[in-house]
Amino acid sequence: VSDCYEPVLQRGLNNRYRVLEVRAAQRNGREPEKHLTVTPSPSLEDTELCVLRDGWDSVPVVPGDIIHLEGECSSGTWIINEQSGYLVLYPDLLLSGTTIASSIRCMRRAVLSEKFRRSESGSRQMLVGTILHDVFQQAVTNNLAREKVEELANKTVYGQKYLKEMYLLNLKQKEIMQEVEEYLPSFHKWAEDFMHNPANQNKMQLKLSSNGKVDDLSSRIEIVDILDIEETLWSPRFGLKGKVDVTASVKIHCQSGVQSRIMPLELKSGKESNSIEHRSQVILYTLLNLERRVDPEVGFLIYLKTGTMYPVSGTRMDRRELMKLRNQMAFYLMHGTCKSTVGRKQTQLAALPPIIDDSQACKYCSQLHNCFLYSRAVEQKMASVSLPPAMVPVIEKETQHLKPSHLEYFSLWYLMLSLELQSGESKKGSKNIWMIPSLEREKAGDCVGNMIRIGQVQEIYEGQYLHCFQRKNGAIPITNLLVGDRVVVSGEENGLLGLATGYVREVAVSNIYCLLGRNLSKLAKNTVFRLDHEEGNCGIGVPLENLSKLMEDTPVSEKLRNLIIDFRKPCFIQHLSSVLPPEAKETVANILKGLNKPQKQAMKQVLLSKDYTLIVGMPGTGKTTTICALVRILSACGFSVLLTSFTHTAVDNILLKLAKFKVGFLRLGRAQKVHPDIQKFTEEEICRSKSIKSVTDLEELYNSQPVVATSCMGVNHPIFVRKQFDFCIVDEASQISQPICLGPLFSSKRFVLVGDHQQLPPLVQNAEARDLGMSESLFKRLEQNQNAVVQLTVQYRMNSKIMSLSNTLVYEGKLECGSEKVSKATVNLPNLKQLKLDLADSSKMWLKEVLEPDTPVCFLNTEKAGCKPSDIGIISPYRHQLKTITDLMVRLKENRVEVNTVDKYQGRDKSIIIVSFVRNSHDENLGSLLKDWRRLNVAITRAKHKLIMVGCVPSLCRYPPLEKLLCHLQSEAMISFFLFHIKCSIL
DNA sequence: ACTCTGCTGAGAGGA
């Protein structure tokens with residue numbers, strides 16, 4: 001754990017201790033205790049003792065762990081026992097109230113729900129519950145006046161907010177409205193009892209402390225004011241987070257007088273169970289409230305069906321037991337993997353919390369599939385894991401459709417994804433928001449602090465509020481925050497963490513506009529805010545979900561398992577006539593006219609395919625054109641097409657072309673991320689312009705276009721649950737990791753992957769995961785089935801000299817130029833003659849400058865030669881090198897030359913490309929970036945007319961791919977001293 | 001041995 005968890009140690013309110021030693025001890029010779037040696041100092045000196053008693057000794061803490069201690073510390077000793085103190089394990093991992101509440105019955109399920117979020121697919125009751133919450137929350141701020149409630153219910157059910165969910169569950173607005181209406185009388189009953197006429201109320205028992213002791217008070221409750229709705233609370237003290245339905249100012253009328261408190265109210269629309277789960281949620285909310293205000297001690301459960309309200313006291317005992325559960329949960333979440341004890345230090349998957357012995361409860365569990373799958377694929381081999389005997393046949397039955405190869409694929413990918421997640425977590429994570437002051441984070445550009453809110457908050461869409469923030473003193477510092485980025489808004493002072501999340505709308509000189517999920521206008525006017533860049537959850541959610549889905553017992557998943565895991569040969573039909581409708585023949589023939597031979601071959605292959613086709617798009621071979629033609633042909637034949645890629649940019653590239661041919665399509669995904677010219681095709685825009693407010697209209701929109709386009713990660717959209725496409729096309733497929741690429745495939749009958757495995761593979765941060773094969777794309781994996789592969793070999797980018805490099809190195813001479821014109825094209829430099837004269841005079845000076853050790857970067861100024869700076873691209877494998885080059889360019893006041901990484905330039909081209917290889921040392925340490933011939937291949941295939949490479953030949957020769965390149969260059973006499981370039985034009 | 005794009009997400013009920 002300590003490998004990937006870089007903590008900030010400190011004393012004080014949010015104290016963080018590192019555990020140095022754990023000793024088991026006994027008190028009075030029998031009571032078990034644990035003694036921890038802990039330290040708040042990074043240098044590991046300055047130790048303190050922490051004594052765990054009365055059951056706290058069972059906390060699964062080991063040396064190296066980070067803990068938070070709550071309670072009293074006297075003379076360097078903490079005592080955590082029955083009466084006082086808390087130990088919070090991995091406190092920077094915030095667990096939600098519902099997560100902990102659900103772990104009471106089955107911790108395994110709670111852990112699985114954290115990993116497989118989407119498996120809880122939602123139900124009618126859940127949707128009705130959400131809507132009822134919404135209506136009640138809006139109504140309660142209006143005192144639940146009768147007509148108002150009816151109006152709000154109508155507005156909510158017949159508004160646009162829940163249309164997607166209704167579509168997903170195939171529900172009618174009318175049905176929902178009927179169900180909602182049944183609850184409304186109870187809303188009034190509750191308001192009468194607790195807001196308007198509290199005097200008529202039956203008394204209830206509350207445990208409240210006064211003068212140091214806890215009294216059981218018989219009281220009447222009066223809700224005086226509603227202070228907040230859906231208040232978000234993050235508590236880095238208790239390692240908890242949550243959203244409180246209603247935060248209310250409450251008067252407690254009891255014999256001894258009246259007390260006022262701010263308390264959490266929790267709404268429930270289901271059965272009036274007053275269950276432990278429900279009560280636990282409320283208790284955790286009382287704990288969360290400590291972040292912002294005086295301990296409320298009590299919260300309330302409101303059952304909307306009947307309008308009854310139960311008090312829930314957050315007693316010491318309940319809080320203590322829930323915190324112990326939280327610690328156990330945290331342990332399992334942080335220990336998803338473990339290092340093997342024998343042999344090489346390989347990482348293995350760890351066991352999940354044990355399967356409970358309650359087949360009745362399991363019957364309805366939404367995580368059943370994942371639970372049994374993990375048991376079979378991962379835990380079965382572990383000697384330490386034993387199953388409840390009654391569950392053995394049940395698990396067997398649930399997983400019998402899976403072969404050993406499938407289970408292996410699952411556990412390998414689960415492991416690799418877990419490793420990758422750990423690598424991501426160490427760098428990112430929301431903990432920086434509370435552990436690092438805004439001023440310090442500003443330096444890295446990840447945060448803007450010292451902001452106040454100005455102007456009115458505008459509700460742009462339902463539940464989306466536009467806020468304007470202004471720097472308290474002066475201009476906004478240089479920041480990475482960009483339009484469309486996710487932000488977390490917190491108060492600068494303690495206790496106001498995670499107030500709201502949303503998106504950046506606009507960054508101006510002194511203002512930042514954010515679209516937030518909550519309205520912050522109720523906070524004190526002088527509240528000082530910080531805006532933190534949300535770094536994301538490292539996104540293994542989607543791939544894990546896809547992996548789980550691949551293992552389901554459905555025909556679609558079975559087919560994909562056969563093709564992908566077991567390499568079943570893809571099948572093709574014999575004759576085009578059976579797929580090509582007669583009426584489409586002419587249109588198709590016309591489209592084919594504009595294509596070259598291999599492109600035509602690709603079209604044919606796709607049309608004949610029953611499973612999949614792989615299109616190898618070598619550099620410059622017109623991938624976008626080909627995909628565009630493919631979509632046109634498929635839609636002319638009456639097929640529906642799902643068009644995806646990993647990035648929004650790649651999707652929009654194709655759509656921009658497609659739009660010219662007047663092929664209709666629907667673009668899904670957040671409009672902010674979509675190309676401006678494509679935005680009018682997005683669901684968001686269409687819904688707004690047509691003001692779609694009914695499920696029927698929405699369904700019509702979804703069915704209106706046979707072509708739907710989105711990013712691979714965007715396939716969580718409800719449309720993909722209900723619709724099946726004839727073809728799915730995945731662009732950039734060689735750059736997408738397998739479990740992400742799977743996503744769109746579930747919603748189509750057959751698929752086409754477009755890519756080039758000779759170019760860069762998916763990015764994997766974790767070295768161990770990479771060694772296990774995580775960077776193998778689905779494209780690469782399936783490429784061994786050569787009968788499914790078509791190669792696009794005719795390229796229109798590079799002239800013949802430039803093309804020859806990559807042809808020799810990588811493509812075995814398969815690449816050819818599309819025309820004589822392409823082959824002979826050179827860069828156009830109108831002022832070359834004059835420049836040559838100039839250089840003749842000053843050439844020595846120039847060379848001298850290059851030689852000068854104090855000039856590590858040489859910018860080749862082609863200004864005088866007269867080519868457009870925008871025709872030049874400078875690329876390098878290293879980001880730092882680009883920073884240096886950019887800084888130099890800024891000094892030269894030149895910002896039109898594009899400077900970027902090789903990786904980012906994949907898929908792009910320029911007339912002139914300058915590659916800076918950087919490496920210039922005899923250091924033993926060769927860095928892995930230049931060892932990858934795929935990166936080199938990308939680098940040398942970006943230029944259309946002129947490729948200039950800069951580097952130290954002896955240093956670079958130690959990298960095998962570069963050695964091969966340099967050998968070739970040498971034999972072609974293409975190397976010059978200091979600067980070597982390809983002589984397709986003379987400089 | 002430095003390459004980076006996607007993702008709302010806590011809680012909506014059911015036993």
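Chain naming here is simple, since letters A, B, ... match the order of the sequence lines and numbering starts at 1 in each. What's counted below: heavy atoms across the whole structure, side chains too, no hydrogens, waters or symmetry copies.
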Quick check for you: among dC2(B), dA12(B), dC7(B), whose closest atom lies nearest to any side-chain atom of Y878(A)? dC2(B)

Between T647(A) and E230(A), name the one whose nearest nucleotide on DNA chain B is closer to the 5' end. T647(A)

For dC2(B), take OP1 and OP2 only and decide whether either is under 4.0 Å from a side-chain N or O of R919(A). yes

What's K268(A) touching, base or sugar-phosphate or nothing? Going by heavy atoms closer than 4.0 Å. sugar-phosphate

Test the R908(A)-Y905(A) pair against the cation-pi criterion, namely NZ or CZ under 6.0 angstrom from the six-membered ring centroid and within 45° of the ring axis. yes

So the stems of DNA chain B, runs of at least three Watson-Crick or G-U pairs (under 3.5 Å), are none

Give one of base, sugar-phosphate or nothing for G517(A), where a contact means two heavy atoms less than 4.0 Å apart. nothing

Of the listed nucleotides (dG11(B), dT3(B), dA15(B)), which one gets closest to any side-chain atom of Y364(A)? dA15(B)

Rounded to whole angstrom units, what separation is found between the CD atom of Q672(A) and the P atom of dC7(B)? 13 Å

Checking all strands, does L127(A) fall into the base, sugar-phosphate, or nothing category for heavy-atom contacts under 4.0 angstrom? nothing

Of D245(A) and K904(A), whose closest DNA chain B nucleotide lies nearer the 5' terminus? K904(A)

Pull out every residue in residues 269-281 of chain A that has a heavy atom closer than 4.0 Å to any atom of DNA chain B, ordered by number, or say none. S269(A), G270(A), K271(A), Q281(A)

Nearest-neighbour nucleotide for the R770(A) side chain, dA12(B), dT3(B), dT8(B) considered: dT3(B)

